[in-house]
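Working notes, structure below.
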Amino acid sequence: MLNSIDTTTVIRDGGAVGTFPGEIHEGVAWWLGACLVVTHKAELIAVAHNEHPVIGEFASRLCRGAINAQHYACTVRTLGCQTRDRLRAMLERFGGVPGAWVSAEDDAGVTTVRIELFGYDGSSLGESTGLAEIRRLIAEDRVPRPVNDQAKGQIVPCRYDLTDGGRM
């Protein structure tokens with residue numbers, strides 16, 4: 001595995017958490033996107049992020065990992081900069097789809113990146129709802145890879161209006 005991580009330390013709390021640079025890198029986001037799609041057999045996921053300067057590449061890599069996960073041809077609806085609560089509301093409006101919220105915070109000069117994964121029910125992934133399997137896939141270097149170009153999904157920017165019933 002290129003750029004390995006300590007999966008026990010990083011893959012936790014509903015997704016991945018770590019200092020950047022250091023414990024976590026952008027490639028982890030790709031791995032999480034691909035693993036979320038495969039472990040949930042998802043044809044659609046939604047992704048949002050906060051406005052932190054380092055997050056753009058993490059969010060982009062998560063989306064690219066999701067669309068390249070084996071044969072699932074997953075569509076990723078990108079919501080752009082949103083709060084965690086707004087993402088969860090959109091997961092419900094989409095009819096209960098998995099998703100990811102990518103964020104970072106600075107504290108005393110240290111940047112901590114958090115990638116929180118959500119299951120079909122809108123809850124953060126737990127050990128028994130996919131997180132342990134994702135950790136195992138990453139630790140064993142078995143991150144899902146694309147099968148062929150026909151199986152590639154797509155990334156679609158989402159226009160939405162939560163004030164009027166979540167129209168898209």
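Quick note: numbers below take in every heavy atom, side chains included, and nothing from hydrogens, waters or symmetry partners. Owing to the predicted nature of the structure, the values given are computational and were not obtained by experimental measurement.
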Backbone of [Y] reached by a side-chain donor or acceptor of [X] within 3.5 Å:
{"X": "R145", "Y": "V143", "answer": "yes"}
{"X": "T39", "Y": "C35", "answer": "yes"}
{"X": "T19", "Y": "G22", "answer": "no"}
{"X": "R86", "Y": "T83", "answer": "no"}

Walk me through it: do E23 and D6 pass the test side chain to side chain contact (heavy atoms under 4.5 Å, CB included)? CA-CA 7 Å; E23 295 174 324; D6 179 347; over 6 Å; no
Hey, are [X] and [Y] close enough for a salt bridge, meaning a charged N less than 4.0 Å from a carboxylate O?
{"X": "R61", "Y": "E57", "result": "yes"}
{"X": "E127", "Y": "R135", "result": "yes"}
{"X": "E26", "Y": "R64", "result": "no"}

When rounded to the nearest 0.5 angstrom, what distance separates [atom1] in [X] from [atom2] in [Y]?
{"X": "S128", "Y": "E133", "atom1": "OG", "atom2": "CD", "result": "12.5 Å"}
{"X": "D13", "Y": "I115", "atom1": "CG", "atom2": "CD1", "result": "13.0 Å"}
{"X": "L125", "Y": "F118", "atom1": "CG", "atom2": "CZ", "result": "8.5 Å"}
{"X": "K41", "Y": "Q70", "atom1": "NZ", "atom2": "CD", "result": "9.5 Å"}
{"X": "R114", "Y": "R84", "atom1": "CZ", "atom2": "CZ", "result": "9.0 Å"}
{"X": "T129", "Y": "L117", "atom1": "OG1", "atom2": "CG", "result": "10.0 Å"}

Please check if the number of heavy atoms outside N148 that lie under 6.0 Å from its CG is greater than 12. yes
With heavy-atom distances below 4.5 Å as the criterion, would you say the side chains of [X] and [Y] are in contact?
{"X": "T78", "Y": "V156", "answer": "no"}
{"X": "V37", "Y": "P144", "answer": "no"}
{"X": "N50", "Y": "I55", "answer": "yes"}
{"X": "F20", "Y": "V54", "answer": "yes"}
{"X": "T75", "Y": "R77", "answer": "yes"}

Will you find, in the side chains of H52 and D106, an N or O donor that is under 3.5 Å from an N or O acceptor? yes
Could you check whether the rings of H40 and Y120 sit parallel, tilted or perpendicular, using 30° and 60° as the cut-offs? tilted
Are V97 and I45 close enough, and set up right, to give a side chain to side chain contact (heavy atoms under 4.5 Å, CB included), and what steps lead you there? CA-CA 6 Å; V97 300; I45 69 168; 5.7 Å; no
Looking only at heavy atoms, which two atoms of [X] and [Y] are closest? And how far apart?
{"X": "I67", "Y": "V76", "result": "CG2-CG2, 3.7 Å"}
{"X": "L79", "Y": "A46", "result": "CD1-CB, 4.3 Å"}
{"X": "A66", "Y": "C74", "result": "O-CB, 3.6 Å"}
{"X": "H71", "Y": "A151", "result": "CA-CB, 3.6 Å"}
{"X": "G14", "Y": "S124", "result": "CA-CB, 4.3 Å"}
{"X": "I155", "Y": "C63", "result": "CD1-CB, 3.6 Å"}

Do H25 and W31 have ring centroids that are under 6.0 Å from one another? yes
Just do the side chain to side chain contact (heavy atoms under 4.5 Å, CB included) check on F58 and V113 with the steps written out, would you? CA-CA 9 Å; F58 279 90; V113 170; 4.0 Å; yes
What's the verdict on side chain to side chain contact (heavy atoms under 4.5 Å, CB included) for I24 and T112, showing C-alpha distance, side-chain angles and the deciding distance? CA-CA 9 Å; I24 196 169; T112 300; over 6 Å; no
Cluster check I138, V17: I/L/V/M/F/W/Y, side chain < 4.5 angstrom: no
